[in-house]
Amino acid sequence: LHTIRQHFLPMYSELTTLVQSIKIFEGKITQGLTDTRTFGEIYVRAPRQCVDPVPYYVEHAVHETAHTYLNCLMAGDPLVLNEVDEKYASPLRKDLRPMYAVYHATFVAARMALTFKTIFESTGDRQWAKLLAEVSDETVRGIYTISKSGILTLRGQAIVTEINQLLNHIADMPMWRDFDFKETRPHRCGAGIAQHSSFQAFLKR
């Protein structure tokens, strides 16, 4: 929380406005949880021992806050009009998901990308650049699915436009010229391999 406050005060203000409590739990599957039935509470799993806890908690605090923020928006505007029984590829999960869940995942990935971008620009610490490449890849994949199959309200489309603008700003960052995309890196949560191919394709567009 100190890292977010120090380097990205607007995100810290958003978090402290929407979140009243953060519950840390032990587990083996779920990384984090937000539910409208417990509005204002977010749940974050303790990180694996092989993971740096600071960027891990930064990510998951922002991740769950973003879900909470989007739930607030969807209370007044559905944003997504696809039928719930339609299933699509999700940027954050292996199983097929309804479009509203894909939209949630893409919005969350974009908020994490914005956070990592802002902290990197504030600190110059390359670990945030590696995280940014990974979450930008997830954001690109989500936007591709939404652009191809999403049926959105005007506000829903406006948010997608803003996410595309963010991706363009990220793509314009000069550090990608010498970034080693060929290096195999573990997934930031400690299980699996980091993916960059969709973001690389976006950079070459």
Side-chain angles (χ1 to χ4, degrees), residues 1 3-4 7-8 11 15 22-34 42-68 70 87-98 101-121 123-146 163 166-167 170-171 173 175-176 178-204:
L1 292 178
T3 299
I4 299 171
H7 301 292
F8 196 3
M11 183 61 71
L15 189 156
I22 301 174
K23 173 67 175 178
I24 309 299
F25 67 93
E26 299 289 341
K28 295 182 178 180
I29 299 176
T30 301
Q31 296 280 349
L33 177 67
T34 302
I42 64 176
Y43 303 85
V44 179
R45 192 175 94 189
R48 293 178 172 89
Q49 291 185 350
C50 62
V51 173
D52 184 340
V54 173
Y56 176 90
Y57 281 124
V58 166
E59 169 175 349
H60 287 282
V62 171
H63 180 131
E64 301 306 333
T65 299
H67 280 306
T68 302
L70 193 60
K87 299 293 191 294
Y88 302 94
S90 173
L92 300 183
R93 292 175 54 155
K94 294 181 179 180
D95 55 323
L96 299 178
R97 304 283 289 158
V102 174
Y103 196 95
H104 252 278
T106 305
F107 180 83
V108 164
R111 300 295 279 177
M112 292 189 297
L114 176 61
T115 300
F116 293 159
K117 174 181 181 291
T118 304
I119 295 176
F120 170 74
E121 290 174 332
T123 65
D125 187 338
R126 296 286 289 186
Q127 73 165 328
W128 298 101
K130 296 176 182 179
L131 296 170
L132 176 57
E134 196 172 349
V135 296
S136 294
D137 191 85
E138 294 164 353
T139 308
V140 168
R141 283 186 270 132
I143 286 294
Y144 175 80
T145 300
I146 294 170
I163 293 175
L166 170 64
L167 285 171
I170 292 171
M173 297 172 73
M175 65 180 175
W176 306 122
D178 59 359
F179 187 86
D180 187 2
F181 285 104
K182 295 181 180 180
E183 179 186 350
T184 300
R185 302 182 181 89
H187 188 278
R188 60 192 184 276
C189 293
I193 303 298
Q195 302 295 319
H196 306 119
S197 58
S198 295
F199 181 52
Q200 279 184 275
F202 184 82
L203 291 174
K204 296 175 182 177

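Salt bridge annotation for Glu121-Lys117: present, with a cationic side-chain nitrogen under 4.0 angstrom from a carboxylate oxygen. Comment: Glu138 engages Arg188 in a salt bridge, judged by a side-chain N to carboxylate O separation of less than 4.0 angstrom. Salt bridge Lys182/Asp180: absent, no basic N to carboxylate O contact under 4.0 Å.
Here NE2 of His187 is found 13.5 Å from CZ of Arg185. Values are rounded to the nearest 0.5 Å. The distance from the OG atom of Ser90 to the CG atom of Leu96 is 9.0 Å, given to the nearest 0.5 Å. Annotation: the span from Ile146 atom CD1 to Ile163 atom CD1 amounts to 6.5 Å, rounded to 0.5 Å.
Remark: Ile24 CD1 is packed, more than 12 non-hydrogen atoms of other residues, nucleotides or ligands lying under 6.0 Å away. For CD of Glu183, the number of neighbouring non-hydrogen atoms (other residues, nucleotides, ligands) closer than 6.0 Å is greater than 12. Annotation: Lys23, atom NZ; neighbour count of heavy atoms from other residues, nucleotides and ligands within 6.0 Å does not exceed 12.
A perpendicular orientation is assigned to the rings of Phe179 and His196, their planes being inclined by more than 60° (bins at 30° and 60°).
You'll find the side chain of Arg97 stays beyond 4.5 Å of the side chain of His104, heavy atoms only. The closest side-chain heavy-atom distance from Tyr56 to Gln31 is below 4.5 Å. Counting only heavy atoms from C-beta outward, the side chains of Cys189 and His60 approach each other to under 4.5 Å. Residues Tyr43 and Thr34 fail the side-chain proximity criterion, which asks for heavy atoms closer than 4.5 Å. Inter-residue side-chain proximity for Ile170 and Phe199 is flagged as met; some heavy-atom pair is nearer than 4.5 Å.
By the side-chain hydrogen bond (donor to acceptor under 3.5 Å, both in side chains) test, Asp52 is found to be paired with no residue, residues two or more places apart in sequence or in another chain being considered.
What you find for Lys87 and Pro98 is that their closest heavy atoms are CD-N, 3.7 Å. Closest approach of Val62 and Arg111 over heavy atoms only: CG1-O, 3.9 Å.
Of the residues Thr3, Val44, Ile22, the one that meets the side chain to side chain contact (heavy atoms under 4.5 Å, CB included) test with Tyr57 is Val44.
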Arg126 and Met175: CA distance, side-chain angles, deciding distance, side-chain contact (heavy atoms from CB on, under 4.5 Å) verdict: CA-CA 10 Å; Arg126 296 286 289 186; Met175 65 180 175; 3.6 Å; yes
